[in-house]
Structure formats: structure tokens, C-alpha cells
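The structure under discussion appears below in the form of C-alpha cells.
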Amino acid sequence: MNRSDYVKLEGVGVTYGQGPDETEALCPTDLSIGQGDFVALVGPSGCGKSTILKLVSELLKPSQGNIFFGGRELGARPVRVGMAFQSASLLPWMTIRDNVMLPLKIVPPFKAEYRAKRGGEYRDRVDALLDQVGLLDFADKSPWQLSGGMMQRANLCRALVHDPDLLLLDEPFGALDQFTREELWQTMQDLWLARKPTVLLVTHDLREAAYLANRVCVMSARPGRIIEDRTVGFERPRPIDTTFEPAFVRLVQELRSQIVHTPTGKRSSAA
């Protein structure tokens, strides 16, 4: 397996419905993601960004094409996936620590040893993550006692606690105010630098994509396709001040121009 092909889509397309109700959501698309890479998908609403997340997480089957993970066809072996969405969706009857520990209770191979390790090794694993994002002092609190930003920090910890093969982020910071969002960008960057998970981020925020990702893939309007695959070359760790530098602002403007000037419905091969 080529390291750059850790996750690979080959000619993957998705069509919903049949006959007169048929809708092509995703044109035949190629995409390769390297192990430990951080890739962001951006584009207009309905372009297929979340469809790609569903495809690689096996929540949706492609209408055509093939998806490979670790050099083998997706489904040939279990893939541990971590997911974080716009809503933190923490269980209100559980403490923050128990919410973060939940994947260790239900995801193989951790669940087999949950009873034996929940009070020791697993608790230490959770507390180390909570400490890294500044939440250790709130481990025994209920979700309703935390702010939106704090709940989203806990949500990221829950998505990472079981060392996922693939971390999928679907607008995880979209509901937060700008200052809290920027704090969470730094938190996410710190977690990625420390753990180097393979990350696929869906976002409408071009600053967020360019700040967090190593590559930004721009998608066209439906039927979606990748029209630009841009490497982000800014050194890490990236302070928030990076987003105000002329080169960064220029990159964001170029990404926006790609989205705004793409004709709706135009067919082409994926980049």
C-alpha cells in the first residue's frame, strides 16, 4: 500500500432514487488521503461533502466505484472510526468522564476489557485527554453544567479516546461563536499534532479549513465533484494570527473564488 493511499476513492459516485426521481449527488470522484493526513472538504451546500463522510464510514454504499482503506476494499476488515458533529450530543445522565469513555465500552477490541479496566487504565486514558483540552477539573460534571465550547472539547475527546483509524469531523465548530470557534481550532490542532490521526473535515468555513488542514479539497455544486486539491503549506503549530497574514488571506480568497465561479451542474472528471 502506498502511504498516500491510506483512504482511497476510485470513481466513486452516488445517485439517489430511480427514473424521473433520480438525483446524482456525487459525480464519479477520486480522492486519496494519506495516513496521518488532515484533509478538509469545502464547497456549497448539497455538493456531496457529507456524502463522502458517509461513504468512508460505511453508512452509505456507493452507486459506482470502489473505496479502499489500508490497501484493502472497505468492508474487508473493521475500521475504527471516530466522529464529531456540530451537536456535541453528550448523554445528559452521564458525567463528562463517562461520556468520553463510552467508545471504550462499545468499540472492539476495547469493550472486551471494559469491566476490568474502566476504573484504571481506561479512566487514565480518558483523564489524560480531558487534561489535554483543559477539562480534567470538569470530569465529574454533567454536560448541562458546561458551556458549548467545553462540550465540544469533550466531544472531540470522545471521538479520539479509542484511537480511531479515521477521524471524521462534520461541521464540529459551526454552532459556536467566532472566538470560541478559534479556541477550538487551536485545540483540534494540538490534538492532531499530539496523536496524528487521519482526519477528514467537512466545513463551510474556509478559514477553518485552511487553518486546520494540510490539504483543502474544493467541491462543485451538485452533482458534486472535486475541482481543486490544494496543499496548505503554512508551518505548524499555526497560531491564530496566521489567519490574518496576507498569504493566508489570499489562499482563502482563492478557495472562495473556486466555489463561487464553478457552474452548477457542469460535468467533469474529478481532480
Side-chain angles (χ1 to χ4, degrees), residues 4-17 22-34 37-69 74 81 83-86 166-175 181 185 188 198-233 243 248-271:
S4 64
D5 292 338
Y6 187 60
V7 181
K8 188 171 185 177
L9 280 66
E10 287 187 347
V12 173
V14 174
T15 301
Y16 296 109
E22 184 176 289
T23 300
E24 186 177 29
L26 184 68
C27 289
T29 296
D30 298 333
L31 174 65
S32 292
I33 302 173
D37 204 355
F38 198 131
V39 175
L41 296 175
V42 300
S45 294
C47 70
K49 301 185 298 294
S50 294
T51 295
I52 290 179
L53 286 192
K54 292 175 184 176
L55 287 166
V56 298
S57 62
E58 299 185 81
L59 295 176
L60 179 68
K61 297 292 184 183
S63 304
Q64 59 181 301
N66 298 289
I67 305 173
F68 300 91
F69 187 90
L74 191 65
V81 176
M83 305 181 87
F85 303 98
Q86 188 172 118
L166 184 61
L167 176 62
L168 304 178
L169 305 176
D170 195 353
E171 297 278 3
F173 315 120
R181 191 180 309 149
W185 292 354
M188 184 66 245
T198 303
V199 182
L200 185 58
L201 165 71
V202 162
T203 179
H204 286 96
D205 191 324
L206 299 180
R207 284 183 67 233
E208 178 174 292
Y211 176 81
L212 284 174
N214 298 326
R215 290 163 51 206
V216 178
C217 294
V218 181
M219 298 187 67
S220 70
R222 191 174 62 241
R225 66 193 187 282
I226 295 173
I227 57 173
E228 173 94 5
D229 190 338
R230 178 70 70 91
T231 298
V232 181
T243 65
F248 188 96
V249 173
R250 186 165 55 251
L251 171 60
V252 171
Q253 290 174 334
E254 290 170 357
L255 294 171
R256 182 179 183 278
S257 178
Q258 284 281 352
I259 296 170
V260 170
H261 294 119
T262 301
T264 302
K266 182 181 176 182
R267 293 296 304 268
S268 75
S269 59

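- Counting heavy atoms from C-beta on, the side chains of I259 and I227 never come closer than 4.5 Å.
- Nearest heavy-atom pair, T203 versus K49, reported as atom, atom and distance to 0.1 Å: O-CE, 4.1 Å.
- Put simply, the side chain of T15 does not reach to within 4.5 Å of the side chain of T23, judged on heavy atoms.
- The shortest distance between side-chain heavy atoms of T231 and N214 does not fall below 4.5 Å.
- Looking at heavy atoms from C-beta onward, M219 lies in side-chain contact with I52 at the 4.5 angstrom threshold.
- You'll find the side chain of L9 reaches within 4.5 Å of the side chain of V56, heavy atoms only.
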Determine, step by step, whether D37 and T198 satisfy the side-chain hydrogen bond (donor to acceptor under 3.5 Å, both in side chains) criterion, reporting the C-alpha distance in whole Å, the side-chain angles of both residues, the deciding distance to 0.1 Å, and the verdict. CA-CA 5 Å; D37 204 355; T198 303; over 6 Å; no
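- With contacts defined as side-chain heavy-atom distances shorter than 4.5 Å, the pair R256/V42 does not qualify.
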Carefully, step by step, assess F173 and Q86 under the rule side-chain contact (heavy atoms from CB on, under 4.5 Å). CA-CA 6 Å; F173 315 120; Q86 188 172 118; over 6 Å; no
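- Under the salt bridge (Lys or Arg N to Asp or Glu O under 4.0 Å) criterion, D170 pairs with no residue at all, not counting sequence neighbours.
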Could you go through L212 and F38, starting from their C-alpha distance and side-chain angles, then the distance that decides it, and tell me whether this counts as side-chain contact (heavy atoms from CB on, under 4.5 Å)? CA-CA 8 Å; L212 284 174; F38 198 131; 3.9 Å; yes
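- No side-chain heavy atom of E24 sits less than 4.5 Å from a side-chain heavy atom of R222.
- Between R181 atom CZ and Y211 atom OH the span is 14.0 Å, to the nearest 0.5 Å.
- With salt bridges taken as basic N to acidic carboxylate O contacts below 4.0 Å, one links K8 and E10.
- For the residue pair T29 / R225, no side-chain donor-acceptor distance below 3.5 Å is found, with atom types taken as modelled.
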For Q64 and L26, run side-chain contact (heavy atoms from CB on, under 4.5 Å): C-alpha distance rounded to whole Å, both residues' side-chain angles, the deciding distance at 0.1 Å, then the answer. CA-CA 10 Å; Q64 59 181 301; L26 184 68; over 6 Å; no
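- Distance CG/L59 to OG/S50: 11.0 Å, rounded to 0.5 Å.
- In terms of heavy-atom proximity, A210 sits nearest to V232 at O-CG1, 3.4 Å.
- Proximity of L251 to R207: side-chain heavy atoms (C-beta onward) are nowhere separated by under 4.5 Å.
- When all heavy atoms of C47 and A221 are compared, the closest pair comes out as CB-CA, 4.3 Å.
- Remark: L200 CG to M83 CE distance equals 10.0 Å, nearest 0.5 Å.
- To the nearest 0.5 Å, atom OG1 of residue T243 and atom CD of residue E208 are 12.0 Å apart.
- We find the CG-NZ distance between L60 and K54 to be 7.0 Å, quoted to the nearest 0.5 Å.
- Pairing each heavy atom of C217 with each of I226, the nearest pair is CB-CG2, 4.2 Å.
- The line from CG of L53 to CG of L166 is 8.5 Å long, rounded to the nearest 0.5 Å.
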Applying side-chain contact (heavy atoms from CB on, under 4.5 Å), run through L201 and V39 and close with a yes or a no. CA-CA 6 Å; L201 165 71; V39 175; over 6 Å; no
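- Here the shortest heavy-atom pairing between L55 and L74 reads O-CD2, 3.4 Å.
- The shortest non-hydrogen separation linking V12 to P62 is CG1-CB, 3.7 Å.
- The one candidate from Q253, E228, R230 that meets the side chain to side chain donor-acceptor pair (under 3.5 Å) condition with Q258 is E228.
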